[in-house]
Amino acid sequence: MSSRARELIIPSLYFLLILILFAVHFLIAISRPLWLDEIITLVVSQGASPFQLVKDFFNGSDTNPPLYFIVVTVLQSICSNNIFLLKVFSMITAFSGLLVLFFYFKTRVNRESLYLLLLLLTTSSFFSQFILFEIRPYALYFTLSTIIIVYYGKLIAVSKFDIRHVISFGVLSTLFLYTHYFSIIYIITLIIIELSVLSESKNKSVLAAMILALILYFPWSFAITNQLSAVHYRTWQLPRDMFQLMMLPVIYLGYLNLLILLMGLILLFIWGRFRLNDVKSFLGNKFNIVLIVFTVVPYIAYAISMILPFGIVERYFVPSFVSSVVLLLFILDRVFVTRRKLVISIILLSVAYSVYKLDKLSKINDVMVDEIQKKMQLCSEGLPVVCESPHKYFRFQYYAQKMGYSNYYLLLDEKSANDPNNIKNASFDYYWISSMKKYYPLKNIIEWNIFKTKHSEFIYIDEKDRMFDKEIKNQYPNSTFIHIGENVYRVKTHN
């Protein structure tokens with residue numbers, strides 16, 4: 001094959017394979033039931049104008065910054081509850097981030113290693129599940145993260161201060177801040193790095209842009225206070241342990257992609273392609289330092305979360321995902337120079353494995369819908385159905401309505417409902433649902449003391465299967481529980 005033909009055919013093959021994988025992921029995404037957070041996105045953005053949504057968010061109706069939800073509100077006004085349209089928007093947004101990576105690095109690395117990286121991204125379960133098609137802010141978060149990192153790389157190469165760069169980079173950083181709250185970590189990181197080299201740097205554009213972004217973001221700080229107050233300063237509480245911390249690279253890159261990264265490093269040392277001078281040269285580049293610091297940010301945050309009472313999840317750190325991908329690209333590029341066939345073979349193996357796993361990925365949220373159908377079918381006698389978890393009630397109500405059921409309720413925790421100022425006894429779920437029902441159409445939320453006067457028999461769905469806990473049983477005194485299905489009980493009250 002001539003070099004000219006190779007230049008045309010190989011990129012076409014990679015592009016075709018990436019396109020096929022995109023199409024397969026998209027078909028899975030539009031057929032997969034929505035999960036809780038996606039349903040919340042539909043609820044908070046439906047029927048409100050962008051101005052009303054910002055006002056509600058500012059007052060504490062949701063615990064997110066507003067930018068993505070403003071866009072969804074506009075799309076909802078064009079075509080209400082069009083899941084296809086919203087997922088296409090996420091896909092186009094995420095694809096734009098890939099294009100930013102491609103056009104920035106196409107002249108900086110071997111072109112084929114860049115194609116291989118894009119191929120790996122389309123097979124990453126983290127990318128396909130949380131970024132590519134989800135009706136949440138993460139596609140926008142990913143693209144803005146990519147733009148911020150790439151723009152920073154271009155900006156530090158400019159020797160002179162330029163007000164145009166200050167404004168453009170400052171505005172982009174502001175949009176970044178208004179997309180996800182954890183973006184503030186990365187903006188502060190850039191400020192710290194710029195301050196550390198302030199005396200050596202002639203170009204203060206980055207620092208000026210970051211200051212501009214913080215000034216433009218400052219008014220929203222009052223909204224953050226309102227949002228936290230609405231849930232009594234509680235946030236998601238998740239298991240925080242060393243295993244979860246160590247699994248972070250696997251979550252981002254996948255087992256095989258992580259194996260490629262490790263094998264690449266080992267091979268570089270074995271073949272003498274990565275010497276001490278290379279390390280010094282790599283660390284001497286400020287852009288590379290930023291990539292490394294961004295990549296380790298989640299580890300620092302996880303370590304802190306083991307001490308302080310706040311919860312975090314992996315998708316909050318999308319900029320770290322982007323920086324780790326770029327570092328992987330650099331390693332791929334170095335290995336690819338001497339071991340092209342080996343690299344291609346490993347990556348195609350990773351692609352094949354990811355395709356094999358697609359069926360499992362497609363069934364992630366099907367379980368919830370199947371469970372609701374099964375449990376609702378138990379109610380053939382017309383008994384009311386009670387959902388146990390306030391946090392899951394959004395999802396329960398959404399699918400119950402789509403299935404034509406209306407006789408369902410959410411019982412508020414009795415202690416929390418009667419004593420909302422008692423934070424010790426109140427759960428985060430209670431404050432969250434109390435805040436949400438002020439703004440959105442949540443139906444059939446009722447206290448136990450009122451409910452039991454109207455219904456002496458009902459179906460109780462206990463999603464967490466906690467019915468045998470004394471605390472739970474004490475909430476329903478003088479009641480008999482009959483187990484009739486998985487996590488489902490028939491309850492009779494005895495007044």
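Keep in mind that the numbers below use all heavy atoms, side chains included, and drop hydrogens, waters and symmetry copies. The first residue in the sequence is number 1, and the count goes up from there.
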Response to the item:
Value for CD1 (Ile215) from CE (Met210), rounded to nearest 0.5 Å, stands at 12.0 Å
Worksheet item: About how many Å separate CG of Leu118 and CG of Leu114, when rounded to the nearest 0.5 Å?
Response: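 That separation rounds to 5.0 Å.
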State whether a side-chain donor-acceptor pair under 3.5 Å links [X] with [Y].
| X | Y | result |
| --- | --- | --- |
| Ser168 | Tyr151 | yes |
| Ser320 | Tyr186 | yes |
| Thr295 | Ser323 | yes |

Item to complete: Test the Arg315-Phe317 pair against the cation-pi criterion, namely NZ or CZ under 6.0 angstrom from the six-membered ring centroid and within 45° of the ring axis.
Response: no
Item to complete: Classify the angle between the aromatic ring planes of Tyr138 and Tyr141 as parallel (below 30°), tilted (30 to 60°) or perpendicular (above 60°).
Response: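 If you compare the ring of Tyr138 with that of Tyr141, the planes turn out tilted.
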Item to complete: Report the C-alpha separation of Asp162 and Lys204 in whole Å, then their side-chain angles, then the decisive distance to 0.1 Å, and conclude whether the salt bridge (charged side-chain N to carboxylate O under 4.0 Å, His left out) test is met.
Response: CA-CA 9 Å; Asp162 191 330; Lys204 309 294 192 299; over 6 Å; no
Worksheet item: So, for Ser173 and Ile187, which heavy atoms are closest and what is the spacing to 0.1 Å?
Response: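 Shortest heavy-atom separation between Ser173 and Ile187 comes out as CB-CD1, 3.9 Å.
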Worksheet entry | Nearest non-hydrogen partners of Cys79 and Asn82, listed with the distance |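 Between these two residues, the closest heavy atoms are SG-ND2, 3.1 Å.
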Fill in: Close side-chain approach of Leu119 and Leu21, heavy atoms under 4.5 Å
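Yes. Closest side-chain heavy atoms under 4.5 Å.
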Fill in: Check: Phe26 ring centre within less than 6.0 Å of Phe84 ring centre
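Yes, close enough.
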Fill in: Phe22 and Phe95 aromatic centres sub-6.0 Å
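Yes: the rings meet the under 6.0 Å criterion.
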For [X], give me all partners under ring pair (Phe, Tyr, Trp, His ring centres under 6.0 Å), at least two apart in sequence or on another chain.
| X | value |
| --- | --- |
| Tyr68 | none |
| Phe218 | Phe222 |
| Tyr152 | none |

